[in-house]
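Notes follow the structure.
Index from 1, following the sequence.
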Amino acid sequence: MKRALITITLTLLISSFALAQIPAAVHIQILKAEDARRYDKTLEDRMDHADERVKLRAILAAGRIGDEKAIPPIVSFLTNGSVKVREMSAFALGEIESTNAADAIKKALADPNTPAPVRARAVEAAGKIAAANAKDAKAKELGEAIPDTLEAEDNKGDKQARMVVRLALTAALRARPEDADLVVMKFLTNLDANIRADAANTLARLRSKSANPALRAILMSDDDPVARANAARALGAAEDKESLNILLDAATEDDDSRVRVSAIRSLASLKDPYAVDKLLDRGELLLTAHKKRKKPNYDPVEKSELLEVATTLGRLVPKTNDARTIKFLTALREADAYRSPETDIAFANVSPEQYLKIKNLEDFGTFDARRASSRSQGLAVLAKSDLKLRAIEQLNILLSAAFEEKGNRREAMARVVPDILRSLASFKDEMRGSLTEILVNSL
């Protein structure tokens, strides 16, 4: 076995050396410096190596190490050398995430003669540096260069550099420059589906409300499922009430599960109970299919979507004791053998009182780690209710069962106790000081 591992390791090393086409001895020197996070003369000399392949690998290592002493030489490479060297230099400066490189990055972005690959990595670096130094004035100035870069690419029409746009969109969601959403939204109608999807993703992360009409149009008619899914997510992040029916249609009728799941989650953000009946129609249909396809140790594809429906229902009708929702959650818990925390959490949200009365762990006859974990997470929901003491009592029963289990004691301790303790910790006032006592007594 040991010989086999050594052979595999050597094969991988030889393959990586062959791929990089760098002399093995030199590559090992660079790897050692990178592994030790050590920027010294050895690495600096390799950065100035005559062989461009060595230079590129050394610049990358310097960026990964993150030592600010490497910034001056890397900045010099950003303006001198081949496109590949300049591109790698821009990427490395982003990895270091220091504002000491801000001026050089801004200059590269402002220069219209900067090659597209270099500009792409420079705007990526701008996003990383600005995000890592959010309170720094220089980082804020650098962040403002990101929407400028997007604006410049948009003005190029069909001649825009695709990679520059995509990395600038990602940079915008990292740095969050002011009014960036106004530029980002222009790319929702781009001919490239990946760019439309990236723009919608950025708007979701920015929680922008400026592009809702365009996002609705994407969700209703875009051919690309990722673009539709991201548009649904962005509408939810914007809490766009006007999208309710569009999201509901997407959640229950779209052909792609990614779109349906994003729309279901967004409906939870809108918090409108109007969506409940249609979601239950969809959930009941899925549950029927799930029961038919379920086998021992096999969960059908419908399960993930069912859990999303359950989670959203729990947020749409909290503390309402809605009979149809309870019936659905009860059936889903049973079909899933009471092993998914999402259904327990949803049930506890919809009907806290009834949740305390449903089937307890001891009713199953044998200790089951996953059931105990799900139950404990459901009980944690009651930390903000007037049922706290009863929930704590049940959690203590679960904890005792976990510690007392004999044959599966190790599994119970490893898999369940942390979840139960986290749930107990939710009851901060009631459990103050008690958790320490519980842990000491369990040793």
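Looking at Lys69 and Asp67, a side-chain N of the basic residue comes within less than 4.0 Å of a carboxylate O on the acidic one, giving a salt bridge. Electrostatic pairing of Lys209 and Asp240 does not count as a salt bridge here, judged by no charged N lying under 4.0 Å from a carboxylate O. Comment: Arg207 does not engage Glu239 in a salt bridge, judged by the lack of any side-chain N to carboxylate O separation of less than 4.0 angstrom. A salt bridge between Asp222 and Arg228 is absent, with no side-chain N of the basic residue lying under 4.0 Å from a carboxylate O of the acidic one. Residues Asp299 and Lys294 are paired through a salt bridge, judged by an N-O separation under 4.0 Å between the basic side chain and the carboxylate. Salt bridge absent: Lys106 and Glu144 never bring a charged side-chain N and a carboxylate O closer than 4.0 Å.
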Leu287/Glu302 under side chain to side chain contact (heavy atoms under 4.5 Å, CB included): CA gap, chis, key distance, verdict = CA-CA 8 Å; Leu287 185 54; Glu302 293 87 4; over 6 Å; no
Practice prompt. For the pair Thr311 and Glu342, evaluate side-chain hydrogen bond (donor to acceptor under 3.5 Å, both in side chains) and give the outcome as yes or no after the intermediate values.
Written response: CA-CA 6 Å; Thr311 298; Glu342 292 87 349; 5.8 Å; no
- request: Take His290 and Leu286 through the test side chain to side chain contact (heavy atoms under 4.5 Å, CB included) and record every step on the way to the result.
  value: CA-CA 6 Å; His290 178 273; Leu286 288 168; 6.0 Å; no
Next item on the list: Check step by step if side chain to side chain contact (heavy atoms under 4.5 Å, CB included) holds for Val118 and Leu78.
Entry: CA-CA 8 Å; Val118 181; Leu78 183 61; 4.2 Å; yes
Checking side chain to side chain contact (heavy atoms under 4.5 Å, CB included) for the pair Val183/Asp154: CA distance, chi angles, key distance, verdict? CA-CA 9 Å; Val183 182; Asp154 182 60; 5.8 Å; no
| query | Can you check salt bridge (Lys or Arg N to Asp or Glu O under 4.0 Å) on Arg282 and Glu305, steps first, answer last? | reply | CA-CA 10 Å; Arg282 176 64 181 170; Glu305 197 169 337; 3.2 Å; yes
After noting the C-alpha distance and the side-chain angles of Arg258 and Asp256, does the key distance pass the salt bridge (Lys or Arg N to Asp or Glu O under 4.0 Å) rule? CA-CA 5 Å; Arg258 292 168 292 184; Asp256 194 285; 2.9 Å; yes
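Taking a 6.0 Å sphere around CZ of Arg324, one finds it holds more than 12 heavy atoms contributed by other residues, nucleotides or ligands. Few gaps surround CD on Glu353; more than 12 heavy atoms of other groups in view lie less than 6.0 Å from it. Atom NZ of Lys327 is surrounded by 12 or fewer heavy atoms from other residues, nucleotides or ligands within 6.0 Å. Heavy-atom contacts from other residues, nucleotides or ligands closer than 6.0 Å to NZ of Lys32 number 12 or fewer.
Listed here is the closest heavy atom pair of Ala234 and Leu215: CB-CD1, 3.6 Å. The nearest pair of heavy atoms linking Ala200 to Ala227 is CB-O, 4.4 Å. Annotation for Leu203 and Ala211: closest pair CD1-CB, 3.8 Å, computed over non-hydrogen atoms. Between Val416 and Ser373, the shortest heavy-atom contact is CG1-N, 4.4 Å. Across all their heavy atoms, Ala268 and Leu316 have their closest contact at CA-CD2, 4.2 Å. Closest approach of Arg371 to Ala337, counting heavy atoms only: NE-O, 3.1 Å.
In this structure the side chain of Asn100 never reaches within 4.5 angstrom of the side chain of Lys138, judged on heavy atoms. Ile326 places a side-chain heavy atom less than 4.5 Å from the side chain of Phe347. Thr252 is not listed as a side-chain neighbour of Ile264, based on a closest heavy-atom distance of 4.5 Å or more. Side-chain atoms of Ile105 and Leu109, non-hydrogen and from C-beta on, do get closer than 4.5 Å to each other. Arg57 has its side chain within reach of Glu34: a pair of non-hydrogen atoms, C-beta onward, lies under 4.5 Å apart. Looking at Leu395 and Ser376, their side chains come closer than 4.5 Å, going by heavy atoms from C-beta outward. For the pair Leu279/Leu267, a side-chain contact is recorded, criterion being any heavy-atom separation below 4.5 Å from C-beta on. Two residues are said to be in side-chain contact when any heavy atoms from C-beta on lie closer than 4.5 Å; Tyr355 and Leu387 fail this criterion.
Although no hydrogens or angles enter the test, the distance criterion places a donor-acceptor pair under 3.5 Å between the side chain of Arg196 and the main chain of Asn190. A distance-only check finds a donor-acceptor pair linking the side chain of Gln160 to the backbone of Gly157 [under 3.5 Å]. A donor-acceptor contact shorter than 3.5 Å is absent between the side chain of Ser423 and the backbone of Ala380. Of the possible polar contacts, one joining the Thr343 side chain to the Ser340 backbone as a donor-acceptor pair under 3.5 Å is found. Of the possible polar contacts, one joining the Asn155 side chain to the Glu151 backbone as a donor-acceptor pair under 3.5 Å is found. Listed for the Arg121 side chain is no donor-acceptor partner under 3.5 Å among the backbone atoms of Glu87. Side-chain N or O atoms of Arg37 include one that pairs as donor or acceptor with a backbone N or O of Ile65 at under 3.5 Å. Not a single donor-acceptor pair under 3.5 Å links the side chain of Thr114 to the backbone N or O of Ala110. Judged by distance alone, the side chain of Thr202 and the main-chain N or O of Leu169 form a donor-acceptor pair under 3.5 Å.
Looking at Arg375 and Gln394, their side chains do bring a donor and an acceptor atom within 3.5 Å of each other. Side-chain atoms of Tyr338 and Asp344 include no donor-acceptor pair closer than 3.5 Å. With hydrogens and angles left out, the side-chain atoms of Asn321 and Ser351 include a donor and acceptor closer than 3.5 Å. With 3.5 Å as the limit, one finds no donor-acceptor pair spanning the side chains of Glu153 and Thr149. Inspection of the Arg233 and Asn201 side chains reveals an N or O donor paired with an N or O acceptor under 3.5 Å. Side chains of Arg216 and Ser243: a donor on one and an acceptor on the other come within 3.5 Å.
Here CG of Asp136 is found 5.5 Å from CG of Asn133. Values are rounded to the nearest 0.5 Å. In this structure, Leu188 CG and Ile218 CD1 are separated by 4.5 Å, a value rounded to the nearest 0.5 Å. Rounding to the nearest 0.5 angstrom, the gap separating the OG atom in Ser208 from the CZ atom in Arg176 is 11.0 Å. A distance of 11.0 Å separates CZ in Arg64 from CD1 in Ile30, rounded to the nearest 0.5 Å. Atom CG of residue Asp336 and atom CG of residue Leu307 lie 6.5 Å apart, to the nearest 0.5 angstrom. Separation of atoms NZ (Lys388) and CG (Leu382) is listed at 10.5 Å; rounding is to 0.5 Å.
Within the structure, every pair that satisfies the side chain to side chain donor-acceptor pair (under 3.5 Å) test and touches residues 262-276, not counting sequence neighbours, is listed here: Arg265-Glu308.
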